[in-house]
Every structure is written in C-alpha cells, then in structure tokens.
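First comes the structure, then the notes that go with it.
In what follows, every chain begins at residue 1, and chains take the letters A, B, ... in the order their sequences are listed.
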Protein chains: 2
Amino acid sequence: MTTTSMKDVARAAGVSVGTVSNVLNRPEAVAEETRSRVLAAISDLGYVRNDSARQLRAGRSRTVAVVVLDVANPFFTDVVRGAEPLIETAGAVVTVCDSGEDVRRERRHLEILEEQRVLGLLITPVDDSSASWIERLSGHDIPVVLVDRGAGRHPHCSVAVDDVHGGRLAARHLVDAGHERIAFIGGPASIPQIADRLAGCQEVCEEAGVALDVFDTPGLNFAAGREAVEQMLGRADRPTAVFCANDLVALGALQSLTMHGVKVPQECAIIGYDDIDFAAAAAVPLSSVRQPRSQLGRTAAQLLFDEIAEGADHTHRNVVFQPELIARASTAMDLEPPM
Amino acid sequence: MTTTSMKDVARAAGVSVGTVSNVLNRPEAVAEETRSRVLAAISDLGYVRNDSARQLRAGRSRTVAVVVLDVANPFFTDVVRGAEPLIETAGAVVTVCDSGEDVRRERRHLEILEEQRVLGLLITPVDDSSASWIERLSGHDIPVVLVDRGAGRHPHCSVAVDDVHGGRLAARHLVDAGHERIAFIGGPASIPQIADRLAGCQEVCEEAGVALDVFDTPGLNFAAGREAVEQMLGRADRPTAVFCANDLVALGALQSLTMHGVKVPQECAIIGYDDIDFAAAAAVPLSSVRQPRSQLGRTAAQLLFDEIAEGADHTHRNVVFQPELIARASTAMDLEPPM
DNA sequence: CGGTCTTTTTGAATCGTTTCATCAGGGGTT
DNA sequence: AACCCCTGATGAAACGATTCAAAAAGACCG
C-alpha cells in the first residue's frame with residue numbers, strides 16, 4: 001500500500017516482474033512497445049527501486065566508504081574531493097565517516113560498514129589498534145586502502161606521504177633560520193603521522209644541537225594549539241619557533257600568540273603542516289608543509305578499483321608521495337630571531 | 001562459501017535460524033545455554049549480519065541523510081556535528097552528502113537516498129528547483145527537515161536563521177561606521193540565503209542613502225572572494241567596506257585585498273557571515289554575523305525524530321533563530337574610514 | 001501448413017533476515 | 001492421569017529485486 005513494488009508496476013503494465021526488471025536493467029532486451037508501457041506505469045505509480053533488495057540479491061552494495069580522522073579538517077575534505085570523481089565515474093556512491101580521532105567511533109563505523117557490505121573502504125586509521133578489525137574486512141572480501149598512512153606489514157594497498165621527511169623539512173627550515181629552541185605542538189603521540197613528523201623534527205634538531213620542547217595535545221584542532229601556547233608562554237626558557245603537527249593547531253597557536261601580544265614571526269615563528277587553504281589566509285600567512293591532498297584521494301580511489309578489478313591475482317601497492325615546504329610570512333627569515 | 005549467513009550459524013550451533021535471530025535481537029527470550037552456544041558459533045564463523053536483508057525486511061534503513069551545500073565549509077560541518085549526537089543516540093547512522101551547490105548533484109543524491117529508503121532527511125536545498133523532488137520524498141513517507149532555510153509554503157519542518165535580519169545587522173554595522181559606499185560579494189543569487197542577506201543589506205543601505213555595489217559570484221568560496229575583489233579594485237569609485245555572503249568568501253576577499261596592499265580595515269573594512277572558527281583566526285580577525293550552527297543541527301535532528309515519533313498526527317514546525325553581530329578588527333571603527 | 005530461427009516474455013528460485021503462529025517439553029495442580 | 005501454564009525453540013512466510021532456463025510468439029522459408 002504505502003510502498004509500490006515491481007509487482008505493482010508489473011500488474012499495472014500487464015507484464016511480469018521479470019520484464020519490469022529488464023526494462024530497468026537491460027532496456028535493449030525488451031520490445032519498444034512493452035518498454036514504454038512499463039515506463040509509463042513506473043511514472044504513474046511513482047515507483048522507486050528498493051536498493052536493499054537489489055543489494056541483497058547482488059551481495060554487495062555500491063557504496064565506497066571513506067573513514068577520516070576529522071571531517072572538519074580541510075585536509076580531509078580535500079582528500080575526499082580528490083577521490084570522489086573516480087568513485088562516481090565507476091557508478092559507486094561515496095559515504096564519509098568521521099572517526100574524530102576516536103578508536104571507539106572508528107570501530108563502530110567499521111562494524112556498520114561491514115554489515116552494509118560496502119564495495120570498498122578508504123581509511124585513515126586512528127592508530128594501530130584497529131589493524132585487526134581492518135584486516136577482518138579485507139578477509140571478508142572488502143578491499144581496503146590505507147590513506148595518508150603506509151601499510152607497513154599490513155596486507156593492504158596504501159597511499160601515504162613521507163611524514164618523517166616532512167618533519168625534517170619543517171625543522172630544517174626553522175634551524176636554518178637560526179632558531180635554537182623549538183617547540184613541537186601536536187598529539188596524541190599514538191597517531192602515527194604525528195609520531196613521524198615529530199621523529200623527523202627530532203632527528204634534525206639533535207643533529208643541529210637545537211633544543212626541542214614537545215607539547216603533547218589531546219587532539220589536532222584550534223583549541224589544542226591555543227592551550228599548548230598558553231602552557232608554553234608560562235615557561236621561563238621560551239622557544240622562538242613552533243612547529244605544529246597540522247595547520248589547525250598552528251592557527252590556534254597563532255591566535256593565542258597574537259592575543260598575548262607575541263609578534264609572529266619576530267618573537268616567535270610558526271610553521272604548520274598540510275597547507276590547507278586557510279593557511280595562506282591566516283592572520284600571518286602561515287608557512288606549512290604541503291601534502292598533495294587531492295592526489296592522495298585520487299590515487300587511493302584508483303588503487304581501490306584496481307584491486308576490485310584484479311580480483312584474486314592482485315598484489316598490493318604502496319604509494320608514497322613527498323611533501324613540500326611552503327615558506328610564508330610566519331617564518332620570514334629576513335628578521336633575526338631574538339636571542 | 002565466501003559469506004557466512006545465519007543459516008550457517010544455526011547449523012553450527014545446532015539450532016534453527018529463528019533462534020539465531022532471537023539471540024541477536026531479543027537475547028532475553030532465549031535460554032542462557034543456547035544463547036552462549038549460538039554466540040560461540042557466531043564468533044567461530046566470523047559471522048556478520050547482512051544489513052541489506054534486515055532493511056529489506058524492515059522496509060526502512062536506519063540511516064539519516066544530511067545533504068549540505070558544501071562539506072568543506074566549516075559552517076556545515078558544525079551543523080552536522082550538532083545533529084549527530086541525537087541521531088546516534090536514536091540508534092541511527094548519519095550519512096553526509098555534498099551537493100556542492102549544484103542542483104544536478106543534489107538531485108542525484110536525492111534519487112539514491114530515496115532508493116535507499118532512508119529514515120529521514122535533513123537538507124539545505126540549493127534553491128527552489130528541487131522542491132517538488134523533496135516533496136516527493138516526504139510523500140513517500142520519508143520525513144524531511146529543511147535546514148538553514150524556512151519552509152515557506154512547503155510541507156516540511158524547518159530550522160532557519162533570519163538571514164534578512166542578518167543582512168541588516170551587517171549593513172547597519174558598516175553604515176554606522178560611516179561608510180558611504182558598500183560592496184556586497186556573494187552568489188549565485190538563486191540561493192535563498194544569499195538573496196535574503198542581500199535584501200536585508202539593501203534595505204538598510206537605501207534607508208541610509210548609502211551606495212551598494214553588488215558583485216555576484218558563481219559560488220561561495222575563497223576563489224569567489226578573491227575574484228570579486230580583483231574586479232572591485234579595478235573600479236574608479238571603490239567601496240570602503242565589503243559585506244561578504246559568508247566567511248569563506250570574506251577570507252578570500254581579505255587575502256586578495258592584503259595582497260594588493262589595501263589595508264584592512266583602514267582602507268577597506270570587511271564583514272563576513274557565519275562566524276566560523278577560522279574567522280577569529282584570520283589575517284585580520286574577521287567581523288561576522290554569527291549563526292547558532294550546532295543548535296541548528298541539533299534542533300533539526302530533534303524535529304526529525306519528533307516527526308517520526310508522532311507519525312500521522314504530526315504538524316510541521318518552523319523554528320527561526322536570530323543571528324548575532326560579532327565585531328572584530330576587520331571593521332574596527334576607531335579609525336575614520338577614508339573619504 | 002510444418003519446421004526452423006529469432007526475438008520477447010515468463011515464472012520460479014534465490015539472496016539473508018525477521019516475525020509469528022505453532023509446537024515441544026517440563027512443572028505444578030487437581 | 002488429565003489438565004493448564006510457561007518457557008523456549010521451530011519453521012515457514014514474507015520483504016523486493018535479479019537471473020535464467022524455458023516457454024511463447026513471430027518471422028521466414030520451403
């Protein structure tokens with residue numbers, strides 16, 4: 001009554017359900033006259049296909065899920081934007097899930113996605129603790145591509161950026177400018193990308209004999225940057241430059257520094273990571289380490305569909321991109337950093 | 001073989017499928033001993049429920065869709081964030097669709113969502129052209145709540161902000177500061193929110209005898225703001241203040257003005273709309289018209305579930321919030337605007 | 001008019017759950 | 001032993017589409 005099904009359409013058009021199905025799925029196989037009669041019935045009755053039934057029969061949905069750490073972070077929306085065209089061209093649908101850097105939320109999403117029998121999964125995992133969950137999905141025939149994250153020994157394709165190198169780039173940039181005490185703001189340290197960026201930074205600092213203060217944050221957003229700076233300003237021996245684990249944190253830090261009357265870059269330089277669009281438009285245009293965001297997404301989608309197409313005889317590929325330093329006013333070097 | 005179903009679990013546990021289903025859905029109705037045997041079988045076989053089959057049986061999915069104009073706009077992610085808790089508490093799942101201010105994309109999403117028999121829909125429509133499509137959904141028993149948009153004569157609940165008033169607030173703020181030629185940047189004009197903001201602005205300008213230049217843009221993002229400013233700077237009679245239809249446009253405009261050496265606010269004031277977090281952290285902290293973003297989302301979700309609960313005897317409600325002016329440095333009045 | 005092809009259409013089986021009327025097996029009472 | 005109750009378990013009937021072997025309907029030829 002409330003919903004109209006193929007049976008109703010068939011009755012109205014005086015044909016069998018098989019024929020209605022054919023009109024929808026292989027129109028060329030049904031006679032012109034019959035086809036138009038069926039189409040008329042469809043629009044008369046306002047019939048809409050039931051996707052659950054199709055999926056049940058097909059055994060798979062046509063949805064590709066993208067699980068990201070933070071949808072509010074422009075980095076991830078750009079990654080998704082990069083992946084969408086390819087996915088849609090393939091006739092699939094994109095659904096974006098936000099783990100919010102929370103393992104429990106992530107896991108809940110994974111459970112649901114598995115129940116939905118998604119066509120494939122692009123995911124930036126929160127940390128390593130969901131590895132077995134994720135493997136379970138690929139064990140159940142759901143191809144998985146790790147995004148912004150090397151596969152390591154895990155059996156998946158991956159698209160990543162060399163974050164250790166990114167960390168080095170940022171640190172070297174600050175060291176070259178003459179800074180002798182640097183702060184790193186970011187966290188939680190369990191997030192591999194953050195750990196890598198920090199590792200690269202540490203490496204350079206040690207080599208150059210530069211002091212490094214690490215401020216661990218509970219998340220990667222405005223508030224984290226602001227709070228870390230509050231702490232930092234209390235210190236006696238204050239760093240003259242800050243490397244933030246991403247641009248959101250950097251913008252928060254910048255805001256807090258400005259509020260406290262600390263001049264950027266003269267009294268404290270800042271460099272971020274990701275080079276989101278907002279970075280260039282910030283209070284002081286923000287230096288940053290650029291990642292090829294949409295290319296990450298595009299490549300990830302490509303790998304996913306390759307895996308789907310190749311089936312059994314697929315071998316996983318791991319693509320690594322190199323980040324690039326973008327210097328702007330927030331680390332301008334033509335001013336001597338204060339002693 | 002590849003997928004394991006309830007039947008397999010039933011066989012392994014030596015019970016009927018009905019019992020397996022009961023274990024999953026009403027565990028209290030099955031004897032302790034049987035239950036644990038079934039659970040063991042489930043985890044042995046790695047059984048995962050098939051959501052398509054559940055949905056087919058249930059006739060509805062447990063997904064609430066949110067269709068927004070631009071996922072990369074923090075305004076919308078905040079709205080979604082506001083709506084999520086309530087939706088998840090209700091045991092439903094959120095899926096976010098991005099229309100990208102494009103009617104065709106929007107329509108494609110609606111078609112798919114209808115085929116998926118979503119539980120409900122929160123949508124910020126691109127313009128009026130999809131009104132009949134949207135009504136079709138509610139006709140097919142899918143409750144719809146319009147977000148950031150009054151329902152007008154359409155048969156839906158809605159949660160909106162008084163954009164005409166918002167436009168007035170912004171314009172009055174600029175007029176009070178002594179500006180005598182103002183620019184409005186935003187578009188396309190077919191988007192009702194934009195039209196409203198402009199209308200409010202026009203009203204105040206006319207009343208005050210202030211000149212208003214309208215720069216129509218093809219979208220509401222950084223690039224739009226930058227390009228409009230390029231045009232504006234070419235003009236002989238250049239406005240001394242700009243009202244941008246949203247903060248993204250405003251940040252683009254700010255960036256372009258700064259690049260051209262035009263001092264903000266001394267030589268050109270700027271005010272945006274939405275008061276996204278980035279506004280306060282901008283090159284020059286951005287004045288803006290604040291909307292209660294997460295409250296919009298929360299209320300929308302509330303209305304949706306009210307409608308679901310009330311069923312037939314539901315009467316649509318239309319909630320309107322009032323926007324609030326947030327004055328920051330980009331319109332600082334302590335400096336006389338130049339003649 | 002019978003026979004051979006080709007083009008269309010049919011109808012039943014299937015996908016994996018949920019639901020619900022029914023049935024089995026104990027206890028307990030008379 | 002006959003009866004009723006109660007707790008648990010069962011199995012078949014949906015749900016709505018797709019698929020495919022088989023039947024029907026034409027078309028064409030001799």
Just list the side-chain donor-acceptor pairs under 3.5 Å for residues 111-121 of chain A, sequence neighbours left out, or say none.
from: A/Glu114; atom 1: OE1; to: A/Arg136; atom 2: NE; distance (Å): 3.2
from: A/Glu114; atom 1: OE2; to: A/Arg136; atom 2: NE; distance (Å): 3.4
from: A/Glu115; atom 1: OE1; to: B/Arg62; atom 2: NH2; distance (Å): 3.3
from: A/Arg117; atom 1: NH1; to: A/Glu114; atom 2: O; distance (Å): 3.1
from: A/Arg117; atom 1: NH1; to: B/Arg49; atom 2: O; distance (Å): 3.1
from: A/Arg117; atom 1: NH2; to: B/Val48; atom 2: O; distance (Å): 2.9

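Residue A/Asn25 contributes atom CG, which lies 9 Å from atom C1' of D/dA17 at whole-angstrom precision. A/Leu56 places its CG atom 11 Å from the P atom of D/dT18, with the value rounded to the nearest Å. Rounding to whole angstrom units, CE of residue A/Met6 and P of D/dC15 are separated by 16 Å. As a whole-Å value, the separation of B/Arg60 CZ from D/dA14 P is 22 Å.
The residues A/Arg317 and A/Asp306 are annotated as salt-bridged, a charged nitrogen and a carboxylate oxygen being separated by less than 4.0 angstrom.
Residues from residues 38-54 of chain A placing a heavy atom under 4.0 Å of any atom in DNA chain C do not occur. At a non-hydrogen distance threshold of 4.0 Å, A/Val30, A/Ala31, A/Thr34 from residues 27-36 of chain A come into contact with DNA chain C.
Under the 3.5 Å distance criterion, the side-chain polar atoms of B/Arg105 are matched with a main-chain donor or acceptor of B/Asp98. Of the possible donor and acceptor atoms, none in the side chain of B/Ser21 sits under 3.5 Å from a partner among the backbone N and O of B/Val17. Proximity of a side-chain donor or acceptor of A/Asp8 to a complementary backbone N or O of A/Ser5 within less than 3.5 Å is detected.
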Set out, line by line, the N/O atom pairs under 3.5 Å between protein and nucleotides 4-6 of chain D.
none

Could you write out each protein N or O paired with an N or O of nucleotides 10-13 of chain D at a distance under 3.5 Å?
from: D/dT10; atom 1: OP2; to: B/Ser16; atom 2: N; distance (Å): 2.9
from: D/dT10; atom 1: OP2; to: B/Ser16; atom 2: OG; distance (Å): 3.2
from: D/dT10; atom 1: OP2; to: B/Thr19; atom 2: OG1; distance (Å): 2.8

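Among residues two or more places apart in sequence or in another chain, the salt bridge (Lys or Arg N to Asp or Glu O under 4.0 Å) test is passed with A/Glu135 by none. Residues meeting the salt bridge (Lys or Arg N to Asp or Glu O under 4.0 Å) test with B/Glu101, sequence neighbours left out: none. Residues passing the ring pair (Phe, Tyr, Trp, His ring centres under 6.0 Å) test with A/His140, sequence neighbours excluded: none. With sequence neighbours left out, B/Arg298 forms a salt bridge (Lys or Arg N to Asp or Glu O under 4.0 Å) with no residue at all. Among residues two or more places apart in sequence or in another chain, the salt bridge (Lys or Arg N to Asp or Glu O under 4.0 Å) test is passed with A/Asp148 by none. For A/His316, the ring pair (Phe, Tyr, Trp, His ring centres under 6.0 Å) test picks out A/His314, with sequence neighbours left out.
Defined by atom type and a distance below 3.5 Å, a donor-acceptor pair is present between the side-chain atoms of A/Ser158 and A/Asn318.
Residue A/His156 comes nearest to A/Ser138 through the heavy atom pair CE1-OG, 3.0 Å, listed as atom of the first residue, atom of the second, then distance. Residues A/Val23 and A/Leu39 come closest through the heavy atom pair CG1-CD2, 3.8 Å. Nearest approach of B/Val161 to B/Pro292, heavy atoms of both residues: CG2-CD, 4.0 Å.
Boundaries of the chain A contact region on DNA chain C are C/dT8 to C/dG16, first to last in 5' to 3' order (nucleotide atom under 4.0 Å from a heavy atom).
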